[in-house]
Amino acid sequence: MSEPADRRYGPATVPRARGPLSAAVVEALRHPPHDLPADLGVDLHLADPITDEDLQLTLFLCYELHYRGWLGVDESWEWQPTLLALRARCERVFEAALRRLVGTPSVPAAGVAAGLAEVVAADDGPALAATLQRHADLTQFREFVAHRSVYHLREADPHSWALPRLGGPAKAALLEIQTDEYGNGRLDRMHAELFRSTLERLGLDTAYGAHIDVAPAVTLATNNLMSLFGLHRRLRGALLGHLAAFEMTSSLPNRRYGNGLRRLGFDEVATRFYDEHVEADAVHEQIAAHDMCGGLVRVEPALARDVLFGAAAGLAVDRLFAGHLMDSWAAGRSSLRTPAPPPPPPLPPTVSLVASPEVAPPAFV
C-alpha cells in the first residue's frame with residue numbers, strides 16, 4: 001500500500017514496538033496474514049497492566065485494525081484468528097485490572113442515572129484542567145493536546161460501535177449525541193475536524209495517529225478502554241456508561257482548556273473545539289444519563305451494574321492519565337515518551353514533541 005495522498009484521515013504509520021509482545025505484532029504486520037506462535041502472550045504476569053507499555057501498545061495495534069488500519073498492512077489481519085487470540089489474552093489481563101481498580105459498583109435504589117451522578121461526584125482526580133487554565137506553559141499545553149489527539153482525531157468512533165447493538169430509547173439517545181459529535185453531517189463542524197484546527201494552531205502534526213509513538217501507556221489505555229467496551233457486545237452497558245461519564249464531566253474542563261489557550265494568546269480557531277463542548281456537553285449530559293443509560297436499563301435491567309462499571313473505569317483511568325501529566329510536569333520533565341529516531345524517510349511535516357524551554361513553539365514529531 002502506498003502512502004495516502006492525505007495523511008489527515010489515516011491510516012497511521014505502524015508505531016515502534018515497546019516490548020516483546022508488541023514487537024512480535026509489529027513484525028507480523030509487515031507480512032501477509034499468517035499464524036502467530038501459539039504461546040505468544042499465554043503467560044502474562046504484569047505488575048500494572050494499565051500502565052504497561054508493551055501490553056497497551058499491543059492492544060492498540062490490534063484495535064486499530066478495526067478502525068482505519070495501519071499504513072502498508074494487509075487489511076485481512078483484522079480477522080486473523082491467532083492475532084485475535086492474542087488480543088483476547090491481553091484483553092483479559094486489561095479488563096481484570098480495570099475491575100480490580102474500581103470494584104463492583106452498586107446500583108442505588110433511585111436508579112442508574114442517580115448512580116452515575118454518584119460516580120461522577122466521587123471522582124477526585126488531579127486538577128489537570130485548572131492547571132491548564134491557569135498555569136501551564138505553551139510546551140505543557142502542546143503535550144496535553146498531543147496526548148488527546150490519539151482519541152480526538154477519531155472522536156465518537158468508539159462509542160458508535162454501540163449503535164447496531166441497541167434498540168429503542170437508548171439507541172435514539174445515543175444517535176442524538178453522536179449526530180452532534182459528527183457535526184450533523186458537516187465536515188467543518190465535526191469535532192475531529194475542530195480538534196485538527198487546534199493541533200494546527202499549536203504547530204502540531206495534524207495527521208491521524210501522528211502522536212502515537214510519543215503517547216505513553218496510560219494515554220493508550222484511555223483509548224483502549226473505549227475499544228474494549230465497544231468491540232464486545234457483552235460490554236455495551238459499560239460503553240454507554242463510559243460515554244455518560246465523559247459527557248457529565250466535560251463542560252467545565254473544556255471551558256478551562258479554552259480559557260487556558262486564550263491566556264496563552266490563541267484565537268477562536270484554536271479554542272473552538274473546547275468552546276463547542278462547553279455548550280454541547282451540558283445538553284448531552286442529561287441525554288446520556290437519563291435517556292441513553294436510563295433507557296438502556298429500562299429495557300435491560302441486568303446491565304445497570306455494567307453501566308456504572310464503565311463510568312467508574314473511564315474516570316479512574318482518566319485520573320491516572322491526569323496524575324501522570326501533573327507528576328511529570330511537577331518533576332520538570334515531559335509527560336510524553338522520548339521517541340527513538342524515526343525510520344527513514346521521515347513523513348512530512350516533521351514536528352517534534354521534545355520539550356523546549358523556549359516560549360516560541362517547539363518542533364513536535
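Hydrogens, waters and symmetry mates are skipped; everything else that's a heavy atom, side chains included, is used.
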Do [X] and [Y] touch side chain to side chain, with heavy atoms closer than 4.5 Å?
X: Leu59; Y: Leu220; result: no
X: Phe229; Y: Arg234; result: no
X: Phe321; Y: Thr219; result: yes
X: Leu240; Y: Leu166; result: yes
X: Leu21; Y: Leu44; result: yes
X: Ile287; Y: Leu174; result: no
X: Arg272; Y: Phe195; result: no
X: Met226; Y: Trp161; result: no

Donor-acceptor under 3.5 Å ([X] side chain, [Y] main chain):
X: Asp267; Y: Ala270; answer: yes
X: Asp123; Y: Val119; answer: no
X: Ser250; Y: Glu247; answer: no
X: Trp70; Y: Leu61; answer: yes
X: Gln133; Y: Asn259; answer: no
X: Gln140; Y: Leu132; answer: no
X: Asp74; Y: Pro33; answer: no
X: Thr271; Y: Gly258; answer: no
X: Ser22; Y: Thr58; answer: no
X: Arg18; Y: Ala23; answer: no

Atom [atom1] in [X], atom [atom2] in [Y]: separation rounded to 0.5 Å?
X: Leu83; Y: Leu65; atom1: CG; atom2: CG; value: 6.5 Å
X: Leu101; Y: Phe309; atom1: CG; atom2: CZ; value: 9.0 Å
X: Leu225; Y: Leu235; atom1: CG; atom2: CG; value: 9.5 Å
X: Leu308; Y: Leu303; atom1: CG; atom2: CG; value: 11.0 Å
X: Cys293; Y: Asp306; atom1: SG; atom2: CG; value: 11.0 Å
X: Leu261; Y: Arg256; atom1: CG; atom2: CZ; value: 15.0 Å

Practice item. For Arg89, look at atom CZ and say whether over 12 heavy atoms of other residues, nucleotides or ligands are found less than 6.0 Å away. Key: yes
ILVMFWY cluster, [X] and [Y] together (side-chain gap under 4.5 Å):
X: Leu46; Y: Leu86; result: yes
X: Val218; Y: Val93; result: yes
X: Val283; Y: Met292; result: yes
X: Phe60; Y: Leu84; result: no
X: Leu243; Y: Val120; result: yes

Side chains of [X] and [Y] only: does a donor on one sit below 3.5 Å from an acceptor on the other?
X: Glu285; Y: Ser251; value: no
X: Gln80; Y: Thr82; value: yes
X: Asn224; Y: Ser227; value: no

Exercise for review: Validate the cation-pi geometry between Arg68 and Tyr208: distance from NZ or CZ to the six-membered ring centre under 6.0 Å, angle to the ring axis within 45°.
Suggested key: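 Checked: cation-pi criterion met.
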Check your understanding: Cationic tip of Arg154 within the cone over Tyr67's six-membered ring, i.e. under 6.0 Å and within 45° of the normal?
Key ->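 So Arg154 does make the cation-pi contact.
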Can you tell me how the ring of [X] sits relative to the ring of [Y], calling it parallel under 30°, perpendicular over 60° and tilted otherwise?
X: His152; Y: Phe273; answer: perpendicular
X: Phe246; Y: Tyr151; answer: perpendicular
X: Tyr274; Y: Phe141; answer: perpendicular

Practice item. For His277 and His191, run ring pair (Phe, Tyr, Trp, His ring centres under 6.0 Å): C-alpha distance rounded to whole Å, both residues' side-chain angles, the deciding distance at 0.1 Å, then the answer. Key: CA-CA 9 Å; His277 283 75; His191 289 181; 4.3 Å; yes
Check your understanding: Can we call the ring centroids of Trp77 and His34 under 6.0 Å apart?
Key ->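 Yes.
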Point to revise | is_close_aromatic(His147, His211), centroid dist under 6.0 Å | key: no
Practice item. Given salt bridge (Lys or Arg N to Asp or Glu O under 4.0 Å), test Glu91 with Arg87 step by step and report yes or no. Key: CA-CA 6 Å; Glu91 285 178 326; Arg87 192 190 93 186; 3.2 Å; yes
Does a side-chain N-to-carboxylate-O contact under 4.0 Å join [X] and [Y]?
X: Asp205; Y: Arg7; answer: yes
X: Arg262; Y: Asp275; answer: yes
X: Glu53; Y: Arg337; answer: yes

Review point. When you look at Glu193 and Tyr182, which way does the side-chain contact (heavy atoms from CB on, under 4.5 Å) test go after all the steps?
Key: CA-CA 9 Å; Glu193 289 300 306; Tyr182 292 126; over 6 Å; no
**Study point:** Full working for side-chain contact (heavy atoms from CB on, under 4.5 Å) between Leu204 and Ser149
**Key:** CA-CA 10 Å; Leu204 295 169; Ser149 71; over 6 Å; no
Practice item. Could you go through the salt bridge (Lys or Arg N to Asp or Glu O under 4.0 Å) check for Arg16 and Asp213 one step at a time? Key: CA-CA 7 Å; Arg16 290 179 286 277; Asp213 265 326; 3.4 Å; yes
**Study point:** Stepwise ring pair (Phe, Tyr, Trp, His ring centres under 6.0 Å) test for His159 and His242
**Key:** CA-CA 9 Å; His159 298 109; His242 178 279; 5.2 Å; yes
**Study point:** From CA spacing to verdict: salt bridge (Lys or Arg N to Asp or Glu O under 4.0 Å), Glu300, Arg236
**Key:** CA-CA 11 Å; Glu300 300 185 85; Arg236 63 195 180 280; 2.5 Å; yes
Exercise for review: Just do the salt bridge (Lys or Arg N to Asp or Glu O under 4.0 Å) check on Glu200 and Arg196 with the steps written out, would you?
Suggested key: CA-CA 6 Å; Glu200 187 174 35; Arg196 182 168 280 110; over 6 Å; no
Practice item. Mind running side-chain contact (heavy atoms from CB on, under 4.5 Å) on Val278 and Leu252 for me, showing each step along the way? Key: CA-CA 7 Å; Val278 173; Leu252 179 57; over 6 Å; no
